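Down below is the structure, laid out as structure tokens.
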Amino acid sequence: MTRIFDAKKGMSRRGLMRLAGGMAAAAIARPAFATPAWITGTPRFISYPFTLGVASGDPLPGGFVLWTRLAPDPFDREAVGGDPVPVGYEVAADPRFRNVVLKGAAVAHPENAHAVHVEVEGLSPGRPYWYRFFAGDEVSPVGRARTAPAAMSPVDRFRFAFASCQQYEVGYFKAYRDMIAQDVELIIHLGDYIYESSWNAPVRRVPVDDARGLDEYRRLHAAYKLDRDLQAAHAHTSWMFTWDDHEVANDYAAEHDEHYEPVDTFLKRRAAAYKAYYEHLPLRMSARPDGPDMRLYQRLWIGDLMEINMLDTRQYRSDHPCQTPEEGGFQRISVDCPDIDDPARTILGARQERWLRWMGDAGAKWTVMAQGMLFSQHDYQVGEGQMIGSEYWDGYRGSRRRVLDLIETRGLTNTVIIGGDVHATYVCDVKKDFNDPASPTLASEFVTTSITSPNGWHDANVASMVDNPHIKLYDGRHRGYTLCDVTKDSWRTDLRIVNDVRRPELEATTSKTFIIEAGRPGPQEA
Ligand SMILES: [Fe+2]
């Protein structure tokens with residue numbers, strides 16, 4: 001390996017040559033700050049190392065995770081070299097860093113693509129902080145993070161957004177510009193943060209056609225992170241994450257991809273994808289992958305107002321129902337398939353299902369289940385018979401029954417299920433029995449449309465709505481995200497839609513607004 005940079009010895013000859021080449025860019029990008037004395041070593045980079053921006057995530061009352069990755073050339077691993085690099089950070093109570101409340105140093109390791117994850121603790125709850133990183137003579141852009149309110153402290157209102165499905169090639173991530181304009185306090189990403197393969201690039205290109213190894217997943221994540229709107233949204237506030245299939249492979253189920261390649265081969269791919277995912281997001285140490293395993297599900301609180309259960313519906317799921325080794329992905333299948341109701345099958349896995357039993361236990365007003373999928377039933381077949389999507393909770397009715405029983409027996413009346421994946425908006429009454437319109441509504445569901453990913457099945461799905469009276473809205477025509485304003489009395493959801501994602505300029509509007517009154521499950525159109 002050619003070493004470009006050595007923290008102790010300075011730079012190799014090739015590194016110095018590259019430094020000269022990168023000087024022009026570096027001169028523009030380098031801010032007028034000296035590296036604080038508490039950063040040891042004086043690494044120098046071929047050009048500005050904070051090209052992928054900064055991010056914060058997983059807010060707790062006393063802190064959050066801060067993230068960056070040193071990437072002077074995001075597509076060339078040699079650009080930083082093979083040595084660990086010291087990275088300093090500062091957290092301040094004001095955007096100009098006059099009142100620095102915390103500073104420290106971390107190490108960017110080459111085996112983690114020189115990513116840095118700092119778990120900040122000891123801060124005040126329920127307020128914004130500003131942070132930045134230092135490496136060598138360079139300083140990162142400033143990000144803003146928010147601590148969560150103190151545990152079960154009174155919170156009167158909270159504004160957050162959720163999003164999914166951002167295929168880079170098909171459009172601009174400009175919906176994030178509107179989230180910033182709406183000044184959301186939290187952004188929840190529900191999956192398809194990247195797409196592992198590229199099959200259609202009408203607007204812009206990614207550097208990898210079909211990722212299978214670690215380097216390829218890293219290059220994809222880097223390409224996505226170069227999007228200015230995405231970077232700005234990460235710098236705007238703290239995020240929370242779960243994933244869907246495309247962070248790894250289309251329509252995968254636990255250890256099987258859709259083509260049922262050998263499990264060993266697929267698990268190697270999954271390990272590479274999970275590692276690259278961890279390296280590029282502000283996730284806690286508890287989520288650090290161990291080979292092909294990564295614990296992503298978790299529970300966080302917004303004071304006494306909201307409990308957020310982040311679920312993983314990919315890593316532990318049983319195989320899709322009634323499928324053959326030749327065909328493993330999403331299918332529309334008849335409900336005659338006996339697998340669907342098999343209580344031994346699960347979409348969450350036994351361990352996560354056991355953990356979920358504590359949902360709502362702390363007594364917050366609203367209980368949120370944040371996950372990647374459509375939860376409610378969607379019968380695609382008009383008239384006699386029922387056809388459902390095998391990938392969704394419809395294909396795992398045993399699991400869904402257990403969740404519904406939990407909501408009902410625990411009296412979690414103010415449960416809101418949020419999802420993504422389908423590139424369309426669904427607004428649903430979550431029914432005790434979806435086949436009986438008179439059965440009680442136990443919860444409310446909002447599935448967000450995609451940031452960019454297309455939908456070609458709007459008309460057919462709208463036609464099927466006659467057989468799905470609990471689905472109050474299906475709309476596959478628009479791209480955008482979902483904005484929520486939560487108080488103790490009501491939950492307001494604005495469906496924010498954007499103009500043509502192939503055009504960079506933004507026009508954003510609310511297509512429809514739904515309200516849930518506390519104590520009365522089921523969204524009502526405003
Ligand atoms: Fe998607």
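Nothing here was measured: the structure is a model prediction, and the numbers come from that model. Both counts, for ligands and for their atoms, begin at 1 and track the order of listing.
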Flag for Glu279-His117: side-chain donor and acceptor within less than 3.5 Å: no
N, O or S atom of Ser453 closer to the Fe ion (ligand 1) than 2.8 Å: no
Closest Asp192 atom to the Fe ion (ligand 1) [N, O or S only]: OD2
Ion pair check, Asp475 and Arg477, cut-off under 4.0 Å: yes
Backbone or side-chain N/O/S of His423 under 2.8 Å of the Fe ion (ligand 1): yes
Within the 6.0 Å centroid threshold, strictly below: His189 and Phe241: no
Ring center gap for Phe446 and Phe162 short of 6.0 angstrom: no
